[in-house]
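Beneath this line is the structure, given in structure tokens, with notes to follow.
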Amino acid sequence: MSGAMALVIWRDGQGVYRIQDDARQHVFWMHRFGDAELFPQDWIADYFQSVAPWGYRHLYGLAAHLGLEPLSFNKLLPILLTLLTTVLVMRVSWRLLPLAPVGFFSSVILNLSLWMKDDLVSGTPRAFAVPLLLGFLWALLSEHILATAIAVLVTGLFYPPMVIVEGGVLLLQGLGIPQGTGRNRPLAWVGLITVGGVLLSYLLAANPWQPVLTRQQGLALAELAPRGRSAFFYEDFGHFWFSSDRSGLIPGYTPLVLWFGLPLPLLLRFRQGFPLLSQVRGTSVLLQLLLSSVGSFLLAHLLLFRLHLPSRYTHHSFRVLLSLAAGMVLVAIAHSVFRPSSQRGVTMILKRLFAVLLLVSVIASPLWLQDSFQTAYYDGTAPTLYEYLQTTPKDSRVGGIDGELDNIPSFGKRGILMGLEYMIPYHWGYYAVVRDRFIALINAQYSPNPDQVREFLREYPLDYWLIRRDDFTLNYLQQHYWLNRMASSPRQEDALVQAIQRAFETLEQGQTPVLATLGDRCDVAASPHYWLLDRTCILDQFRPET
């Protein structure tokens, strides 16, 4: 299974200027490991570096110290995490039902589920959520106090939201909830003390990006409305609470076989028909994980957005729970069908044939599901821009609205004024600045008034203005996925929406933005698809007459 995933990384990750979508946010600033002078006083780089968990940050730092460039290590890390996940899910499965086939099928199903979404492959903090949770479950099922405390601590170093889920499991374990389940109070108390220490360290840490976005602020933002960059507040009740990627309870993009785990409670209740399940132990931990995940999910909604996104508390744990359950269900059904029985004839033959086909389909599924694996790799399309920018002063800053701007910090190793990929709204102290920059930039880029361009360049530290050669056509705006969606946002009173609508109106009315008149006069990079306009040249061209 891990080999299939490695082939997918090899297939999709080839290329010097090829990068995973979310790595553009979480990895670009790590160029500082090789050159500490990069991105000086950069608002965006400083933000993403400061919010990176300690363990995640230092793991990449160690790789850089060993000679692995961050973007290269980002492509290697998912393979290592897949191997770790495979080992851990088999170890956890063995604690629940000590049969090798159960662990094998659970590992296949979990890996399929993980690779049908771009969490693990991103190599970002959330890529660690599942292996960390599995490590915690293994320690808990092993009733090993020290290992449980270490598992909680490591989780806090790499993916802090999961500590809340683990804390809930330990609390239920100590209280013996649900009633009748076994409890290990010494383990629970030591684990809870570790949870408290981890969470307290985050609560006491200075955060220059405060305040956290409130629910009321979020409801007013076009970015969190339907059609927004970080759409959250959907009007459809079912989608909002159950299937949304940010607010919903249930994970999406999963293989069908994952849901074979749902009937496990029913099979356990009628285990006389499935005698293999009489060997199952530790299911109380799975039930506690389910309750803790749902409880954390509801708490995240109640404290929106102080615990970040509610879906983070169920999507990872549900994949783990259902994979473990599905492995047990598949093997239990196969064992029940193939055990000696007085039943004969066509019915038994069909049952056994179905069981064989089911098991073989799971084993072979990576072969035909590879095209469903979500690696979300993107190509940088402007190598001449990257090469030129790397020759400029290290404090150079680029602005623009084209999606190519998102690749410049990773490939050009220079800062940007703002970028759609970096417009993450949950810390208002960070996002308010980036949002204001975007509103000012789009107003200036599509303005027919040179005074507005001059005023913008006086106010913002911009050295180069990146313009796609068809930026000033109405067709470009209509084809721009994010701008076109935002223009028709239900939050029509939003200042960002109004700025985007003004850009559309300028072109619809046949007006010419003044930047479109510069042509190649201020271009410094000679790219076939882009102009990289020099700030000084722009100001010279639009110098007011005296």
Side-chain angles (χ1 to χ4, degrees), residues 21-22 25 47 51 117-119 122 124-126 129 160-161 164-165 207 209-254 293-318 374 376 406 418-439 442 480-502 504:
D21 183 20
D22 290 331
Q25 298 172 7
Y47 172 74
V51 299
K117 196 173 185 303
D118 65 334
D119 286 339
S122 70
T124 63
R126 74 176 190 271
I164 297 175
V165 175
N207 187 344
W209 315 106
Q210 298 283 16
V212 173
L213 187 74
T214 66
R215 179 184 181 87
Q216 191 165 1
Q217 284 177 311
L219 284 167
L221 282 180
E223 295 91 312
L224 272 68
R227 306 182 69 80
R229 162 70 176 78
S230 301
F232 185 90
F233 293 105
Y234 291 97
E235 294 180 2
D236 185 322
F237 179 89
H239 181 62
F240 177 79
W241 283 103
F242 295 103
S243 57
S244 168
D245 192 47
R246 295 183 176 91
S247 64
L249 181 74
I250 301 170
Y253 307 102
T254 60
S293 299
V294 174
S296 300
F297 168 83
L298 295 174
L299 184 64
H301 269 288
L302 183 65
L303 300 177
L304 207 68
F305 293 90
R306 280 170 281 181
L307 298 180
H308 198 41
L309 298 174
S311 63
R312 298 289 190 263
Y313 298 94
T314 56
H315 287 197
H316 302 299
S317 53
F318 278 14
Q374 298 295 316
D406 295 330
M418 53 68 59
L420 299 181
E421 189 67 21
Y422 308 93
M423 295 185 72
I424 306 301
Y426 308 112
H427 284 115
W428 188 246
Y430 160 77
Y431 186 63
V433 172
V434 177
R435 192 175 199 269
D436 286 346
R437 287 178 177 183
F438 184 80
I439 293 172
I442 197 168
H480 194 296
Y481 176 77
W482 190 77
L483 293 179
N484 192 41
R485 287 172 62 87
M486 286 290 285
S488 56
S489 168
R491 305 289 187 268
Q492 291 291 298
E493 71 286 354
D494 188 289
L496 179 55
V497 173
Q498 292 176 357
I500 294 170
Q501 289 176 340
R502 280 193 295 271
F504 275 86

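Computed over heavy atoms, backbone and side chain alike; hydrogens, waters and symmetry mates excluded.
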Side-chain heavy-atom pair [X], [Y] within 4.5 angstrom cut-off:
{"X": "P490", "Y": "P226", "result": "yes"}
{"X": "V294", "Y": "F318", "result": "yes"}
{"X": "E421", "Y": "D21", "result": "yes"}
{"X": "V497", "Y": "Q492", "result": "yes"}
{"X": "R126", "Y": "D118", "result": "yes"}
{"X": "P425", "Y": "L224", "result": "yes"}

Report yes or no: does [X] contribute a side-chain atom to a donor-acceptor pair with the main-chain N or O of [Y] at less than 3.5 Å?
{"X": "H427", "Y": "L213", "result": "no"}
{"X": "Q501", "Y": "A487", "result": "yes"}
{"X": "R491", "Y": "L219", "result": "yes"}
{"X": "Y422", "Y": "D406", "result": "yes"}
{"X": "H315", "Y": "G248", "result": "yes"}

Once rounded to the nearest 0.5 Å, what's the spacing between atom [atom1] of [X] and atom [atom2] of [Y]?
{"X": "D245", "Y": "H239", "atom1": "CG", "atom2": "NE2", "answer": "8.5 Å"}
{"X": "W482", "Y": "R227", "atom1": "CH2", "atom2": "CZ", "answer": "12.5 Å"}
{"X": "S247", "Y": "F242", "atom1": "OG", "atom2": "CZ", "answer": "10.5 Å"}
{"X": "R435", "Y": "M423", "atom1": "CZ", "atom2": "CE", "answer": "7.0 Å"}
{"X": "D436", "Y": "L496", "atom1": "CG", "atom2": "CG", "answer": "10.0 Å"}
{"X": "E223", "Y": "I424", "atom1": "CD", "atom2": "CD1", "answer": "10.5 Å"}

side-chain contact (heavy atoms from CB on, under 4.5 Å) between T214 and R306, intermediate numbers included: CA-CA 8 Å; T214 66; R306 280 170 281 181; over 6 Å; no
Pairing residues for F233 by the ring-ring contact (aromatic ring centres under 6.0 Å, His included) criterion, not counting sequence neighbours: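 F233: no ring-ring contact (aromatic ring centres under 6.0 Å, His included) contacts found.
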Any residue meeting ring-ring contact (aromatic ring centres under 6.0 Å, His included) with F232, in chain and number order, not counting sequence neighbours: F240, F305
D119 with R312: basic N within carboxylate O range, under 4.0 Å: no
Quick check: closest heavy atoms across [X] and [Y], and the distance to 0.1 Å?
{"X": "V165", "Y": "S293", "value": "CG1-OG, 3.7 Å"}
{"X": "A300", "Y": "P310", "value": "CB-CA, 3.7 Å"}
{"X": "A220", "Y": "D494", "value": "O-OD2, 3.6 Å"}

From CA spacing to verdict: side-chain contact (heavy atoms from CB on, under 4.5 Å), L307, Y313: CA-CA 10 Å; L307 298 180; Y313 298 94; 3.4 Å; yes
More than 12 heavy atoms of other residues, nucleotides or ligands under 6.0 Å from [atom1] of [X]: yes or no?
{"X": "F504", "atom1": "CZ", "value": "yes"}
{"X": "E493", "atom1": "CD", "value": "yes"}
{"X": "Q216", "atom1": "CD", "value": "no"}

Evaluation steps, side-chain contact (heavy atoms from CB on, under 4.5 Å), between T314 and I250: CA-CA 7 Å; T314 56; I250 301 170; over 6 Å; no
Step-by-step side-chain contact (heavy atoms from CB on, under 4.5 Å) determination, L420 to H480: CA-CA 12 Å; L420 299 181; H480 194 296; 3.5 Å; yes
is_close_aromatic(H301, F297), centroid dist under 6.0 Å: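 Yes.
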